[in-house]
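Each remark here refers to the structure printed beneath this line.
By convention in this document, chain letters (A, B, ...) are assigned in the order of the sequence lines, proteins followed by strands, and residues within each chain are numbered from 1. Atom set for the values below is all heavy atoms of this structure, side chains included, hydrogens, waters and symmetry mates excluded.
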Protein chains: 2
Amino acid sequence: MATNGTRPLTPREERAWDGYRRMQGLLSSQLNRQLMADTGLSDADFAILSALLGAPRHRLRGLALRCEVQWEKSRLSHHLGRMQTRGLVVREECVEDSRGAVFQLTPEGKAAVEAATGDRVAAVRTYLLDLLTPEQLDALTEISGAVLARLAEDDAHLRAAAELARAV
Amino acid sequence: MATNGTRPLTPREERAWDGYRRMQGLLSSQLNRQLMADTGLSDADFAILSALLGAPRHRLRGLALRCEVQWEKSRLSHHLGRMQTRGLVVREECVEDSRGAVFQLTPEGKAAVEAATGDRVAAVRTYLLDLLTPEQLDALTEISGAVLARLAEDDAHLRAAAELARAV
DNA sequence: CGCAACTGGATGATGCGTCAACCAATGGCT
DNA sequence: AGCCATTGGTTGACGCATCATCCAGTTGCG
């Protein structure tokens, strides 16, 4: 990580990175702010709630939820704790693994997500999707595909390294 | 904000949004984590420091800095406070407007950014730029251009509304 | 069986980001 | 000159994200 034969960015790269950086910051804060104002739910709340909404009995194992939203476990745990005190979610014991936890949407939680979904979609359209041509939509899909693939690969390497370390 | 004749997302839009969302979250946390591990600087630190590095005498008025990084003023103030106690930056009085503040890079701050720049560029290449074709780079630039233009427009409307309110 | 390693998850400390309130300096208007 | 609205910036409170640590239940291996 220390040795860098890194060439500087070309103007083209510079523009792309700079644009992405600016967009990323402003867009996510705008979406977050708007959702919060419209519905009282943060982006994070919404991610959790809609994952639960999409699950069989509106209940999901902690681990499954973690895979779904890709958060660190302590973040998830803290956030679920807060959401529980707000009455959006309940924690229950897990039958097949008694150290595990299962989280379920409360009626209030369900109502909240359902109410929020429309606003969220509208905002995403307003500030992103409706601004792009079909080609740009596809380009965005491909770009994120490439980046996510790279990140996943990295992750796999980490696992492999852990495997090796265990073998020693 | 409440009435939504919003149609649901098409599959194409769905893929684009979902991809962007996932990429955004993982990419920024990866870049942040890596920069922090390599250099002890957060993404936020780096943004401030490189803005200062690019300024005339490595000094910038608070307001100018705010335009540069596009943060809320209280965020900037808090962060600069912390950076000052870490010795990366100094706050000085402003001559032409005595309620203003000027911030300057300390030698340590300068050294820190300069050391960090290479790592940052390398990481951005590894996880984003090197994964994309030239066309994708341009697409990214256009996409962010469109989004930023929309956000700016919104901003202008807000200003105009404020103007109107003043006129009443 | 019994012990060690691992795993799902919780917790506490700490730094960050946002909001609202605040303060003093400034500039415009009469 | 005098007043009021505005602006540049700070502060405090509060919720969120991360790290390290911890704990109990589980699994694998001898």
Side-chain angles (χ1 to χ4, degrees), chain A residues 25-26 28-37 40-48 60-86 88-89 91-103 159 162-163 165-168, chain B residues 25-26 28-37 40-48 60-86 88-89 91-103 159 162-163 165-168:
Chain A
L26 294 184
S28 60
S29 83
Q30 172 68 22
L31 289 177
N32 209 345
R33 190 187 319 284
Q34 187 139 335
L35 187 65
M36 184 65 97
L41 259 38
S42 74
D43 238 13
D45 296 330
F46 188 76
I48 297 287
L60 233 38
R61 187 75 190 275
L63 186 54
L65 201 43
R66 225 153 74 215
C67 293
E68 196 73 26
V69 297
Q70 311 246 55
W71 287 0
E72 312 219 342
K73 59 182 181 177
S74 80
R75 178 182 179 187
L76 186 61
S77 182
H78 278 138
H79 204 90
L80 284 169
R82 286 175 231 129
M83 290 179 73
Q84 193 172 6
T85 73
R86 289 198 283 156
L88 296 169
V89 136
R91 184 186 186 285
E92 292 162 11
E93 293 300 311
C94 180
V95 196
E96 64 265 1
D97 185 342
S98 47
R99 74 203 147 165
V102 178
F103 296 90
R159 275 181 227 280
E163 203 81 23
R166 185 192 316 167
V168 176
Chain B
L26 295 183
S28 60
S29 84
Q30 171 68 22
L31 289 177
N32 209 346
R33 189 186 320 283
Q34 187 139 334
L35 187 65
M36 184 65 96
L41 258 38
S42 74
D43 236 13
D45 297 331
F46 188 76
I48 298 286
L60 232 38
R61 188 74 190 275
L63 184 54
L65 201 41
R66 225 152 75 214
C67 294
E68 195 74 26
V69 296
Q70 310 245 55
W71 287 358
E72 311 218 342
K73 58 182 180 177
S74 78
R75 177 182 179 187
L76 186 61
S77 182
H78 279 137
H79 203 90
L80 284 169
R82 287 173 230 131
M83 290 180 74
Q84 192 171 6
T85 74
R86 289 198 282 155
L88 295 169
V89 134
R91 183 186 186 288
E92 292 162 10
E93 294 299 311
C94 181
V95 196
E96 64 264 5
D97 185 342
S98 46
R99 75 204 146 163
V102 177
F103 296 90
R159 275 182 229 281
E163 203 81 24
R166 186 192 315 168
V168 176

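- When rounded to the nearest whole Å, the span between CZ of A:Arg33 and C1' of C:dA20 equals 14 Å.
- A:Glu93 has its CD atom 15 Å from the C1' atom of D:dT26, to the nearest Å.
- A close approach under 4.0 Å does not occur between any side-chain nitrogen or oxygen of A:Ser98 and OP1 or OP2 of D:dA24.
- Rounded to whole angstrom, the span from the CG atom of B:Asn32 across to the C1' atom of D:dC19 amounts to 14 Å.
- Distance CG (B:Asp97) to C1' (D:dT6): 12 Å, rounded to an integer number of Å.
- What you find for A:Gly100 and A:Arg91 is that their closest heavy atoms are O-NH2, 4.5 Å.
- Note: CD (A:Glu72) to C1' (C:dA10) measures 15 Å, nearest angstrom.
- What separates CD of A:Gln84 from C1' of C:dT11 is a distance of 15 Å, to the nearest Å.
- Side-chain atoms of B:Leu65 and B:Leu80, non-hydrogen and from C-beta on, do get closer than 4.5 Å to each other.
- One can place CD1 of B:Ile48 at 12 Å from P of C:dC16, the figure rounded to the nearest angstrom.
- In terms of modelled atom types and a separation under 3.5 Å, the side chain of B:Asp43 and the main chain of B:Asn32 share no donor-acceptor contact.
- Between B:Leu63 and B:Arg66, some side-chain heavy-atom pair lies under the 4.5 Å cut-off.
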Each nucleotide of nucleotides 9-17 of chain D classed B (base within 4.0 Å of a protein heavy atom), S (only sugar-phosphate) or -, in 5' to 3' order, makes BBBBB--BB
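- Atom-to-atom, CD of A:Glu68 to C1' of C:dG8 comes out at 18 Å; the value is rounded to the nearest Å.
- Side-chain contact check for A:Ser42 and A:Asp45: at least one donor-acceptor pair (N or O, by modelled atom type) lies under 3.5 Å.
- Here A:His79 pairs with A:Trp71 under the ring pair (Phe, Tyr, Trp, His ring centres under 6.0 Å) rule; sequence neighbours left out.
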